[in-house]
Amino acid sequence: MKNKNTKILLVDDEPDILEIVGYNLSQEGYQIFTASNGKEAISKAKKEIPDLIIMDVMMPEMDGMEACENIRKIPELSNVIITFLTARSEDYSQVAGFDVGADDYITKPIKPKLLVSKVKALLRRLVESDQDSETLNVGGIEINREEYKIVMEGQEIALPRKEFELFYLLASKPGKVFKRDEILDKVWGNEVVVGGRTIDVHIRKLREKIGEELFKTIKGVGYKFEV
């Protein structure tokens with residue numbers, strides 16, 4: 001994916017943040033779109049279908065958490081990468097963010113070079129996952145990596161990109177006990193820093209959506225992860 005074909009939606013109620021972040025990313029050749037609140041973000045996302053959304057948490061009209069949750073319910077946006085942009089002083093829970101479908105978070109203030117590096121790391125995972133077209137059939141579940149589609153008992157299950165990638169990884173080797181570092185590297189990439197409870201949150205959400213018994217069938221006795 002060349003930068004000029006990559007769309008990034010920036011969402012923040014502070015014009016200075018939009019200008020600074022937008023400028024640094026546009027210098028890398030990315031197409032930049034902006035929104036000043038959650039409602040506008042949903043509208044812009046539907047129109048532009050971005051590859052990445054960088055979104056503030058605390059905003060008027062609709063905050064980032066609610067906007068993220070709503071975006072994840074839109075089929076054509078289910079696989080967009082969403083990272084929260086948060087101030088250190090905000091009462092923000094990483095777990096709450098992952099619960100509503102976020103893939104990562106960036107803490108303000110952030111140096112331009114670090115921001116660009118983090119964005120490149122997030123987008124690199126998108127490229128790598130798109131290049132894998134293998135389909136798995138495990139425990140009566142069809143997992144299509146090319147189309148990011150899961151079919152169970154004739155019903156299609158919609159999963160956000162990171163939940164899908166995690167489920168695909170676990171299903172690719174039933175019964176294997178994965179180390180946390182290995183999961184983080186393969187699903188999030190070793191250049192992307194996420195919280196220690198990230199995996200736990202995504203596993204819980206997978207169990208809720210797929211069902212505990214089927215999840216155990218896929219992982220056998222090996223779905224406990226080594227630290």
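Just so you know, these numbers use all the heavy atoms, side chains as well, and skip hydrogens, waters and symmetry mates. All residue numbers in this chain count up from 1 along the given sequence. Small disclaimer: the values here were computed from a predicted structure and weren't measured.
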**Q** What I'd like to find out is whether the side chain of D63 reaches to under 4.5 Å of the side chain of D56, using heavy atoms alone.
**A**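 Counting from C-beta outward, D63 and D56 never come under 4.5 Å.
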**Q** Identify, with sequence neighbours excluded, every residue that meets side-chain contact (heavy atoms from CB on, under 4.5 Å) alongside L18.
**A**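 Expected list: L10, D12, T34.
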**Q** Can you list the steps and then say if V21 with L115 is a side chain to side chain contact (heavy atoms under 4.5 Å, CB included)?
**A** CA-CA 8 Å; V21 175; L115 170 67; 3.6 Å; yes
**Q** Would you say Y23 and P112 make side-chain contact, with heavy atoms under 4.5 Å?
**A**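 Y23 vs P112: side chains apart.
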**Q** Are K162 and D104 close enough for a salt bridge, meaning some N to O gap below 4.0 Å?
**A**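 Not counted as a salt bridge, because no side-chain N and carboxylate O are separated by less than 4.0 Å.
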**Q** Distance check, rounded to the nearest 0.5 Å: I199 atom CD1 versus I183 atom CD1?
**A**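 It comes to 4.5 Å.
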**Q** Step by step, would you call Q31 with I8 a side chain to side chain contact (heavy atoms under 4.5 Å, CB included)?
**A** CA-CA 6 Å; Q31 293 185 50; I8 299 178; over 6 Å; no
**Q** Within the 4.5 Å heavy-atom criterion, are F167 and I143 side-chain neighbours or not?
**A**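 SC-SC contact between F167 and I143 confirmed.
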**Q** Tell me, please, which residues at least two apart from S36 pass side-chain hydrogen bond (donor to acceptor under 3.5 Å, both in side chains).
**A**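 For S36 the side-chain hydrogen bond (donor to acceptor under 3.5 Å, both in side chains) partners, ignoring immediate neighbours, are E40.
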**Q** How would you list, by chain and number, every residue that makes a side-chain hydrogen bond (donor to acceptor under 3.5 Å, both in side chains) with E156, sequence neighbours excluded?
**A**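 Once residues adjacent in sequence are excluded, E156 has no partner under the side-chain hydrogen bond (donor to acceptor under 3.5 Å, both in side chains) criterion.
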**Q** Hey, does the side chain of K7 reach the backbone of E48 with a donor-acceptor pair shorter than 3.5 angstrom?
**A**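 Yes, the answer is positive, given that a donor and an acceptor are paired below the 3.5 Å cut-off.
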**Q** Sequence neighbours left out, what passes side-chain contact (heavy atoms from CB on, under 4.5 Å) with E69? Give chain and number order.
**A**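 side-chain contact (heavy atoms from CB on, under 4.5 Å) check on E69 returns K73, V100.
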**Q** Please list, chain by chain and in numerical order, all residues satisfying side-chain contact (heavy atoms from CB on, under 4.5 Å) with E76, sequence neighbours excluded.
**A**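 So E76 forms a side-chain contact (heavy atoms from CB on, under 4.5 Å) with I49, I74.
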**Q** So does R72 pair up with D99, basic N to acidic O under 4.0 Å?
**A**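 Looking at D99 together with R72, the answer is no, because their closest N to O distance does not fall below 4.0 Å.
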**Q** Would you say the side chain of T83 lies within less than 4.5 Å of the side chain of L52, judging by non-hydrogen atoms?
**A**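 Contact flag for L52/T83 side chains = yes.
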**Q** Can you list the residues that meet the side-chain hydrogen bond (donor to acceptor under 3.5 Å, both in side chains) rule with E182, with sequence neighbours excluded?
**A**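 If we apply the side-chain hydrogen bond (donor to acceptor under 3.5 Å, both in side chains) test to E182, skipping adjacent residues, the hits are K176.
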